[in-house]
Amino acid sequence: MRTKELKLVVTFHTTADAMAMEKCCKEREVPGRMIPVPRAISAGCGLAWCAPLDSEQQVRAVMDQVGLRAEAMHQCMV
Amino acid sequence: MIYLDNAATTLHKPPQVIQAVAAAMSSMGNAGRGAHGVSLSAARVVYDARCKAAELFGCPRPDHVIFTANATESLNIAINGLFGPGDHVISTDLEHNSVLRPLYRLERERGVAVSFVPADRKGNIDYDDFARLLRPETKAVVCTHASNLTGNMLDLARIGRFTKEHGLLLVADCSQTAGCVPIDMTALGVDVLCFTGHKGLMGPQGTGGLCVRPGVEIRPWKVGGSGVQSYSTAQPEEYPTRLEAGTANGHGLAGLDAALEFLLRTGVDAVHAKEKALMRRFYEGVRAVEGVTVYGDFDAADRAAIVTLNVWDCDSGEISDILAEEYAIATRPGAHCAPRMHQALGTVEQGAVRFSFSWYNTEQEADAAVEAIRTLAAETGPES
């Protein structure tokens, strides 16, 4: 049995935005990694930023700092 | 890392491809722009690549091989340059968005009507549907040679006979078969063959092209510098210049030239046999695993080296992510830009995990992927 955890999953309008998110979070040592967009969120494919739930404030701060706009922020089991 | 995402792009290239690109970047001028040594050397390499592509695909004339950035660009050139208001085009449910979106746009914006031959749950079509969908204003069939989702192949020879019989054009998307499956466009009755350089041809990304049967007139959507007839206000009419405005990707084409040389020497038959054996080995290993659903028709006479599956009702993205993170196996989940094919298979919600094989994969890699799927199926099943 594989265990899943409730995670913060941020989706973006473009792959370029998703890559910008990864770069900015890495530079600021904000935890997380890229995953395929979970099908529960969208069947349309693409990349999402998956991070611990308690990093939401950091994630939002990074996005504010660099002017990145999320498509949506979700909490889901990953 | 075990790379099984060759239907997206081949990761491993013949070493001479890499050497050719590196050499070109320090030695090639602009092909067709001037007569000095480095310009001529570039023009020779590009022309050599045309000759080899013509030989590989059975195109009657090297000057009817037009180079582009990829198959999507080739398909856009063909679809937008051949059809106009009042025309009707027949396509299929197997298509990639590189065929579907240009057709949908023509439908929305230019009064072109499009009909689709439906696929069944195995991903197969009924060839009699082409005749059923035929109208007086039908101008062409635009279809893939092999589904990028299931690997099922369409019988281009059969479709070619139909299009010839009814005076239609046949535009073939050979993205998944060029370099992997022997293709003779003349024997098959293909009028326009679209290919990409970075998949089965094992060339660099940013290379692709279309082979045009002499006599087929495609309007250019892009006009500009051609290096010839510079005082003419119109794009030269002769192929390939008609469809190649602007500086070519000479460095990439040098790599493609080396890749074509490799394939001509190796033999596409040999490539196809090896890839199919790997695909079959993987398929036989996973098809009976409890909880695994494999899509497509594996009883057909021929197919591309693709096996697409799901594990129980797991999100395909999650399975692909586990394969990448825990087993270092690269696959492709999701929709694969093939929405109609997923609708036909009933996999829109779940997507599917695609394993695609290349000349450089090994039996050990196929076996490792089987083992990973067996383990994942056991771990994620209802009993676990």
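Computed from a predicted structure; not experimentally measured. Numbered from 1 within each chain, the chains take letters A, B, ... in sequence-line order. Basis for what follows: all heavy atoms, side chains included, without hydrogens, waters or symmetry-related copies.
- Of all residues in residues 305-317 of chain B, those placing a non-hydrogen atom less than 4.5 angstrom from a non-hydrogen atom of chain A are B/Asp315, B/Ser316, B/Gly317.
- Few gaps surround CE on A/Met77; more than 12 heavy atoms of other groups in view lie less than 6.0 Å from it.
- For a residue to count as touching a neighbouring chain, one of its non-hydrogen atoms must lie under 4.5 Å from one of that chain's; by this rule B/Glu325 touches chain A with the side chain only.
- Within a 6.0 Å sphere centred on CZ of A/Arg33, heavy atoms belonging to other residues, nucleotides or ligands number more than 12.
- Residues of residues 11-27 of chain A never come within less than 4.5 angstrom of chain B, heavy atom to heavy atom.
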Would you be so kind as to tabulate the donor-acceptor pairs closer than 3.5 Å made by side chains of residues 329-348 of chain B, with sequence neighbours excluded?
unit_1   : atom_1 : unit_2   : atom_2 : d
B/Thr331 : OG1    : B/Ser320 : OG     : 2.8
B/His336 : ND1    : B/Gly334 : O      : 3.1
B/His336 : ND1    : B/His342 : NE2    : 3.1
B/His336 : NE2    : B/Arg332 : O      : 2.9
B/His336 : NE2    : B/Ala352 : O      : 3.4
B/Arg340 : NE     : B/Asp93  : OD1    : 2.7
B/Arg340 : NH1    : B/Tyr104 : OH     : 3.1
B/Arg340 : NH2    : B/Asp93  : OD1    : 3.3
B/His342 : ND1    : B/Thr347 : OG1    : 2.6
B/His342 : NE2    : B/Gly334 : O      : 3.2
B/His342 : NE2    : B/Ala335 : O      : 3.2
B/Thr347 : OG1    : B/His342 : O      : 3.4

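- How far CD of B/Glu318 is from NZ of A/Lys4: 3.0 Å, rounded to the nearest 0.5 Å.
- Residue A/Glu29 qualifies as open at atom CD: its count of foreign heavy atoms under 6.0 Å is 12 or below.
- The contact list for residues 40-64 of chain A toward chain B, using heavy atoms and a distance under 4.5 Å, reads A/Ala40, A/Ala43, A/Cys45 by residue number.
- B/Glu349 touches chain A through its backbone: at least one of N, CA, C or O sits under 4.5 Å from a heavy atom, while the side chain does not.
- Contact annotation: the side chain of A/Arg2 approaches that of B/Glu326 to within less than 4.5 Å [non-hydrogen atoms, C-beta and beyond].
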